[in-house]
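All remarks here apply to the structure that follows.
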2 protein chains.
Amino acid sequence: MQETPDQTPRPPTGPEIADWVRQRIRTGRFVPGQRLVEVDIIRQTGASRSKVREALKRLEGEGLVEIEEFRGASVRSSTLDEVRQIYRARMALEGMAMHDFTANASPAIIERLQALQTQLDACVEDRAPDRFGRLNNEWHRLIVDGSGNKVIADHLQRLNVPIHRLLFESFYDDARLNIANADHRAMLALIVAGDAEGAERAMRKHIGDGFETLVRIESEFYN
Amino acid sequence: MQETPDQTPRPPTGPEIADWVRQRIRTGRFVPGQRLVEVDIIRQTGASRSKVREALKRLEGEGLVEIEEFRGASVRSSTLDEVRQIYRARMALEGMAMHDFTANASPAIIERLQALQTQLDACVEDRAPDRFGRLNNEWHRLIVDGSGNKVIADHLQRLNVPIHRLLFESFYDDARLNIANADHRAMLALIVAGDAEGAERAMRKHIGDGFETLVRIESEFYN
DNA sequence: ATTGACGAAATTGTCAACAATATCGTCAGC
DNA sequence: GCTGACGATATTGTTGACAATTTCGTCAAT
């Protein structure tokens with residue numbers, strides 16, 4: 001089967017191409033350093049060159065690709081130190097989002113969070129790290145969206161770590177998965193109790209621990 | 001005298017056009033809602049249409065302008081609630097920057113900060129709110145740059161409030177100017193003492209107070 | 001005076017051809 | 001065998017022309 005570049009007859013728009021490339025970078029099909037040749041993307045998506053160029057410019061603005069004059073676009077590779085900086089930024093912003101979520105969230109949204117927590121618990125029972133990873137993303141997105149701060153949500157969107165391999169491997173470590181889920185349960189309790197500052201501290205530690213795990217996996221990978 | 005659109009014979013690049021427009025928006029020469037017609041910018045800057053379009057797309061990504069299909073770019077106007085969200089994000093990120101600055105900054109940088117503080121004190125003595133505003137920006141930039149986190153610095157770059165009028169009026173209130181300077185002095189003390197968490201709390205409160213002042217000025221302006 | 005139709009002008013979106021540069025393969029010289 | 005020059009190819013950057021759409025002015029009908 002081919003790449004199913006484009007089911008609709010209509011040619012894809014600029015943002016759609018950007019999504020297409022972004023997805024490929026996130027899932028590791030485009031690896032850091034790899035050159036993104038315009039003609040290849042045109043062939044695979046059916047888009048015009050203008051649109052492809054527009055999409056690549058946009059992705060450059062997001063920091064996902066790098067464009068050198070007359071050499072074109074390539075997937076940007078980030079150092080471990082930059083990943084650390086990204087995690088610091090996420091600690092700050094997602095911590096603040098958790099603070100405001102705890103202070104403002106409606107009972108309906110908290111109920112959705114509890115439902116999600118039940119599913120996460122089931123994943124831990126079933127040793128389903130893959131599904132846990134997906135639900136984990138959903139959990140974090142629910143907090144950020146529920147905080148009611150779209151500015152913070154936008155900025156967090158751009159703070160996803162480009163290295164996909166690591167993120168999904170994180171939860172293959174059973175201990176890490178258990179700790180992460182315990183974090184979630186503790187945070188939910190703090191939210192219900194209305195302890196905004198406590199919830200913020202917990203979120204920051206949770207993300208900080210996530211980075212520690214990532215560093216550990218990374219160092220094991222290279223040894 | 002004219003606008004001195006471009007002293008160099010070389011035609012301006014994309015990012016240069018973006019800077020040019022950004023400056024005009026920040027200084028209030030382009031007001032919210034105003035349409036940014038490509039031909040006008042071309043005439044005033046001497047750039048080609050491609051570059052102007054590229055610049056406008058970039059500014060759209062930064063959230064400064066809005067582009068509607070077949071209607072072109074216009075200066076985006078932000079609601080008070082969005083400004084509030086921006087300030088929440090700045091509290092989070094600049095607080096974190098202050099934390100890391102306190103933990104990591106070299107004695108040389110701290111010395112530069114102390115020199116800047118002396119100048120700020122002089123501004124308070126002389127009742128020079130304009131100069132205080134500029135030095136204040138420099139002070140905050142020094143903290144952020146000194147934190148060593150370029151990711152946070154980049155994101156803060158995009159979190160400047162577009163409404164310039166308010167920012168410079170803030171310090172025309174003598175009481176506000178005194179409080180802000182006292183905040184700076186207190187934070188400097190916490191930095192020297194190595195109290196990272198205290199400095200972070202102080203920074204967050206400082207920025208939060210800045211927003212309160214802004215809201216007060218805004219409401220007075222419309223009454 | 002107001003409204004609506006309608007065409008001209010203005011403005012933006014798109015595409016294709018051309019120019020500028022980089023990349024690659026070939027081959028002579030050592 | 002290795003290196004560097006050099007031409008062919010591939011890739012990106014830029015410009016200009018044309019298409020699509022909106023905006024504006026005019027004018028007739030009520």
Side-chain angles (χ1 to χ4, degrees), chain A residues 3 5-22 24-25 29-77, chain B residues 3 5-22 24-25 29-77:
Chain A
E3 295 301 347
D6 155 47
Q7 295 288 2
T8 70
R10 155 185 66 85
T13 79
E16 282 172 348
I17 310 288
D19 286 343
W20 186 84
V21 176
R22 212 190 334 258
R24 299 246 156 163
I25 293 176
R29 298 175 64 94
F30 289 160
V31 299
Q34 177 173 347
R35 287 189 55 187
L36 303 174
V37 179
E38 292 173 1
V39 186
D40 293 343
I41 300 178
I42 290 171
R43 268 199 282 266
Q44 294 188 50
T45 62
S48 66
R49 196 151 93 98
S50 330
K51 300 304 176 104
V52 171
R53 287 177 68 77
E54 174 192 331
L56 291 174
K57 280 276 173 67
R58 177 178 298 243
L59 291 171
E60 185 194 25
E62 293 179 19
L64 266 153
V65 313
E66 204 172 12
I67 297 184
E68 291 170 290
E69 185 156 40
F70 294 114
R71 299 211 40 214
S74 53
V75 181
R76 225 179 65 109
S77 59
Chain B
E3 295 302 346
D6 155 45
Q7 295 288 3
T8 69
R10 154 187 66 86
T13 79
E16 282 171 347
I17 310 289
D19 286 344
W20 187 84
V21 176
R22 211 188 337 254
R24 299 246 157 162
I25 294 176
R29 299 176 63 96
F30 288 160
V31 298
Q34 177 172 346
R35 287 189 55 187
L36 303 174
V37 180
E38 292 174 1
V39 186
D40 293 344
I41 300 179
I42 290 171
R43 269 198 282 265
Q44 294 186 47
T45 62
S48 65
R49 196 151 92 96
S50 332
K51 300 305 176 116
V52 171
R53 287 177 66 77
E54 174 192 331
L56 290 174
K57 281 276 174 66
R58 176 178 296 241
L59 291 172
E60 185 193 25
E62 292 179 19
L64 267 155
V65 313
E66 203 172 14
I67 297 184
E68 292 170 288
E69 187 157 39
F70 294 114
R71 298 211 42 216
S74 52
V75 181
R76 232 190 64 155
S77 59

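Chain A is the first sequence line, chain B the second, and so forth, proteins listed ahead of strands; every chain is numbered from 1.
The listed nucleotides are D/dT15, D/dT23, D/dT14; the one nearest the side chain of A/Arg49 is D/dT14. Of the candidate nucleotides D/dT15, D/dT11, D/dT23, D/dT23 has the atom lying nearest to any side-chain atom of B/Arg35. Picking from D/dT12, D/dT15, D/dT14 the nucleotide with the shortest atom distance to the side chain of A/Glu38 gives D/dT12.
Counting heavy atoms from C-beta on, the side chains of B/Arg58 and B/Pro15 come closer than 4.5 Å. For the pair B/Leu59 and B/Glu62, the minimum side-chain heavy-atom distance is below 4.5 Å. Looking only at side-chain heavy atoms (C-beta outward), A/Lys57 and B/Lys57 stay at 4.5 Å or farther from each other.
To the nearest 0.5 angstrom, B/Glu60 atom CD is 10.0 Å from B/Arg76 atom CZ.
The interatomic distance linking B/Arg53 (CZ) with D/dG13 (C1') rounds to 16 Å, in whole Å. When rounded to the nearest whole Å, the span between CD of B/Glu69 and P of D/dA19 equals 18 Å. Rounded to whole angstrom, the span from the CZ atom of A/Phe70 across to the C1' atom of D/dT11 amounts to 10 Å.
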### Task
Applying side-chain contact (heavy atoms from CB on, under 4.5 Å), run through B/Val65 and B/Ile25 and close with a yes or a no.
CA-CA 9 Å; B/Val65 313; B/Ile25 294 176; 3.9 Å; yes
### Evaluation steps, side-chain contact (heavy atoms from CB on, under 4.5 Å), between B/Leu56 and B/Glu38
CA-CA 9 Å; B/Leu56 290 174; B/Glu38 292 174 1; 4.3 Å; yes
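Among the heavy atoms of the strands lying under 4.0 Å from B/Ser50 is at least one base atom, whether or not backbone atoms are also near. In this structure, A/Leu36 reaches the sugar-phosphate backbone alone: every heavy-atom distance under 4.0 Å involves primed, P, OP1 or OP2 atoms, never a base.
Here the range on DNA chain C touched by chain A, meaning any atom under 4.0 Å from one of its heavy atoms, is C/dT14 to C/dT23.
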